[in-house]
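Working notes, structure below.
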Amino acid sequence: MSARAAPAWPPRYDPAWRPAPDAEYWAPELECADPKTRDEIVLAKLRAQVQYAWERSAFYRRRWEAAGVAPATLRTLADLARFPVVQKADLRAAQAAAPPFGDYLCVEPREIARIHGSSGTTGRPTVFGVGGDDWERIGEAHARVLWAAGVRPDDRVLIASFFSLYLGSWGALKGCERLGAAVFPFGAGVPGQTLMAVQWARELRPTAFYGTPSYALHFAETARREGLEPRDFGFRTLFFSGEPGAGIAATKRLIEDTFGGACIDMGSMAEMTPWMTNGECRRRTGMHLWQDIVYTQVCDPETFAPVPYGGEGTPVYTHLERTSQPMIRLVSGDLARWTDAPCPCGRTYPRLPLGLYGRIDDMFIVRGENIYPSAIEDTLRAIEGFGGEFRVIVSRRETMDELLVRAEYAASHAAEAPRAALGARMKERLRARLGVTPLIELVPEGALPRTEFKARRIIDDRDLYEKGITHS
């Protein structure tokens with residue numbers, strides 16, 4: 001039986017179907033289709049999704065009527081750009097006005113099977129209500145993408161990330177279960193848990209790992225302190241989400257050199273679950289955009305008009321299979337460049353060859369130069385003697401911006417002469433990469449805190465200077 005669902009919308013998949021273990025593709029008729037042929041399928045699903053939201057969501061009907069669009073507007077994929085975008089602030093406002101799920105919930109509250117949510121660290125927490133049928137389709141989508149990443153039913157997957165309101169771990173778990181792999185949901189976040197995970201990994205020999213890139217490197221450091229070599233665990237696939245590290249070339253190389261397995265970059269947004277639909281294949285040429293599950297446009301960050309292939313912009317996502325809280329043209333705020341160049345795997349999806357390498361709100365400007373944290377990380381990790389962790393402090397002195405990079409040095413560079421040479425090398429390479437000469441402060445390896453979740457390495461203190469001027 002084909003993996004492809006019947007043409008009815010929303011699609012229904014056979015939960016017992018699975019490709020042969022040696023098959024390269026989960027659904028080759030979709031993954032390897034001529035893009036124009038697949039676009040016809042995408043358009044049919046998109047029109048059904050938009051019609052559904054129009055009929056069931058006051059949120060979308062109100063916004064679309066104000067913009068002068070309706071389901072009949074959508075005659076081609078290009079017409080989607082005429083529909084207004086949705087920002088996270090719009091979702092928070094909708095939930096404040098119609099708690100708890102907002103008036104973009106398109107199912108009855110009793111149909112919700114899972115409730116997740118954002119942390120609320122940058123504003124009001126967002127509540128995610130996921131219907132039972134949607135949860136099964138999420139598992140189907142994640143199984144397809146994980147299959148492309150190289151995960152198979154004979155794998156044993158260590159999930160080393162928070163099991164909480166955070167959707168990433170649960171989505172990985174659901175996809176691995178649908179695929180038929182043995183899942184080891186160890187979690188993270190409890191004091192001493194990383195050491196326990198290392199000990200369990202030594203005994204159970206998992207073949208795949210899921211977490212954040214920062215946590216994988218923390219896991220490796222913990223193992224080495226116990227006298228264990230991370231390569232000996234036998235991970236052949238390590239897949240990641242939550243932060244851009246797996247798409248940063250130097251970090252990807254470091255993870256692969258450390259563990260001896262393939263580093264696979266994945267992830268979009270929790271609101272867009274199935275979030276794996278930005279997901280690399282095992283050829284690791286950048287994240288494929290699985291357009292027949294979530295339709296993605298890379299758009300100008302100001303006008304939100306799609307940019308041509310080769311251009312840079314922010315991904316704007318649209319669900320094609322969601323009945324509960326569907327997102328239609330949700331702005332990610334991430335930065336990416338996309339291409340339609342062929343991938344050696346044979347899939348014909350467009351790709352983000354550099355992954356999601358920054359955020360509109362994470363970029364900071366120092367002396368007129370746009371600085372991305374991912375560029376600093378990529379540069380430091382490529383320098384011999386770097387100790388593994390860093391912080392960036394942006395401040396202002398006498399109206400002049402200062403960029404301080406506090407970086408660890410490896411034990412091999414603890415002596416004064418090699419440490420001084422390392423600092424000079426970091427300063428010069430960062431100056432060449434960023435266009436700004438940073439101040440370098442070196443600290444011993446292990447001096448900076450590690451994270452079990454998403455790394456936050458940027459501190460911008462310039463507002464303190466402005467407040468001091470205002471109150472002086």
Side-chain angles (χ1 to χ4, degrees), residues 209 211-224 229-231 235 238-267 280 284-287 335 353-359 362-364 371-393 403-414 418-419 421-436 438-459:
F209 178 100
T212 63
S214 295
Y215 186 67
L217 295 173
H218 175 53
F219 183 94
E221 289 180 351
T222 303
R224 284 172 172 151
E229 171 52 49
R231 281 178 167 260
F235 294 125
L238 300 98
F239 59 102
F240 300 99
S241 70
E243 60 184 32
I248 297 172
T251 303
K252 183 183 284 284
R253 285 194 301 270
L254 176 61
I255 289 171
E256 295 190 343
D257 289 346
T258 297
F259 291 98
C263 174
I264 306 293
D265 191 16
M266 293 180 175
E280 281 192 297
R284 308 189 301 290
T285 60
M287 293 194 286
L335 283 171
L354 302 176
L356 301 172
Y357 49 75
R359 286 191 55 79
D362 277 354
M363 184 197 78
F364 53 94
I371 308 294
Y372 296 101
S374 58
I376 297 174
E377 179 174 353
D378 189 39
T379 301
L380 291 177
R381 293 204 187 281
I383 297 175
E384 183 181 358
F386 173 56
E389 194 51 82
F390 69 97
R391 293 293 181 272
V392 176
I393 298 94
L403 178 65
L404 170 69
V405 177
R406 182 174 294 139
E408 293 181 346
Y409 58 84
S412 59
H413 287 62
R419 190 168 74 248
L422 174 64
R425 190 158 55 250
M426 287 179 173
K427 184 174 185 176
E428 176 55 28
R429 292 194 185 178
L430 286 169
R431 183 203 61 78
R433 180 74 178 269
L434 306 177
V436 173
L439 302 173
I440 303 295
E441 179 184 313
L442 294 176
V443 298
E445 186 173 3
L448 298 176
R450 269 54 175 168
T451 180
E452 295 188 346
F453 194 40
K454 300 181 182 183
R456 298 190 182 277
R457 299 184 169 108
I458 311 301
I459 302 167

| query | Does the pair Ile376 and Arg457 meet the rule for a side chain to side chain contact (heavy atoms under 4.5 Å, CB included), with working shown? | reply | CA-CA 10 Å; Ile376 297 174; Arg457 299 184 169 108; over 6 Å; no
| message | For Leu356 and Asp265: C-alpha separation, side-chain torsions, deciding distance, then whether side chain to side chain contact (heavy atoms under 4.5 Å, CB included) applies. | response | CA-CA 9 Å; Leu356 301 172; Asp265 191 16; over 6 Å; no
| task | Could you tell me whether the side chain of Ser374 and the main chain of Tyr357 form a donor-acceptor pair under 3.5 Å? | result | yes
| message | Assess the residue pair Leu430 and Ile440 against the criterion (side chain to side chain contact (heavy atoms under 4.5 Å, CB included)); give the C-alpha distance rounded to whole Å, side-chain angles, the decisive distance to 0.1 Å, and a yes or no. | response | CA-CA 10 Å; Leu430 286 169; Ile440 303 295; 3.9 Å; yes
| task | Check for a donor-acceptor pair, side chain of Glu280 on one end and backbone N or O of Met287 on the other, with a separation under 3.5 Å. | result | no
| field | Lys427 side chain near Arg431 side chain, heavy-atom distance below 4.5 Å | value | no
| task | Would you mind reporting whether Val392 and Pro373 have side-chain heavy atoms less than 4.5 Å apart? | result | no
| said: Within the 4.5 Å heavy-atom criterion, are Met426 and Val405 side-chain neighbours or not? | reply: no
| Between Glu221 and Gly387, what is the shortest heavy-atom contact and its length? | OE2-O, 4.3 Å
| Salt-bridge present (Arg450, Glu408; N to O < 4.0 Å) | yes
| Aromatic rings Phe209 and Tyr215: how do their planes relate, parallel, tilted or perpendicular, breaks at 30° and 60°? | parallel
| Minimum heavy-atom distance between Arg253 and Ala382, given as atom pair plus value | NH2-CB, 4.3 Å
| message | Would you say that Leu434 contacts Thr379 through its side chain, given a criterion of any heavy-atom pair below 4.5 Å between the two side chains? | response | no
| Is there a side-chain contact between Glu441 and Ile393, using heavy atoms and a 4.5 Å cut-off? | no
| said: Check whether Arg419 reaches the backbone of Ala414 with its side chain - one donor and one acceptor, N or O, closer than 3.5 Å. | reply: yes
| said: Using every non-hydrogen atom in the two residues, find where Phe240 and Pro213 come nearest and quote the distance to one decimal. | reply: CD2-N, 3.5 Å
| field | Thr251-Arg381 side chain donor-acceptor pair, cut-off 3.5 Å | value | yes
| query | Do side-chain atoms of Glu229 reach the backbone of Arg231 as a donor and acceptor pair under 3.5 angstrom? | reply | yes
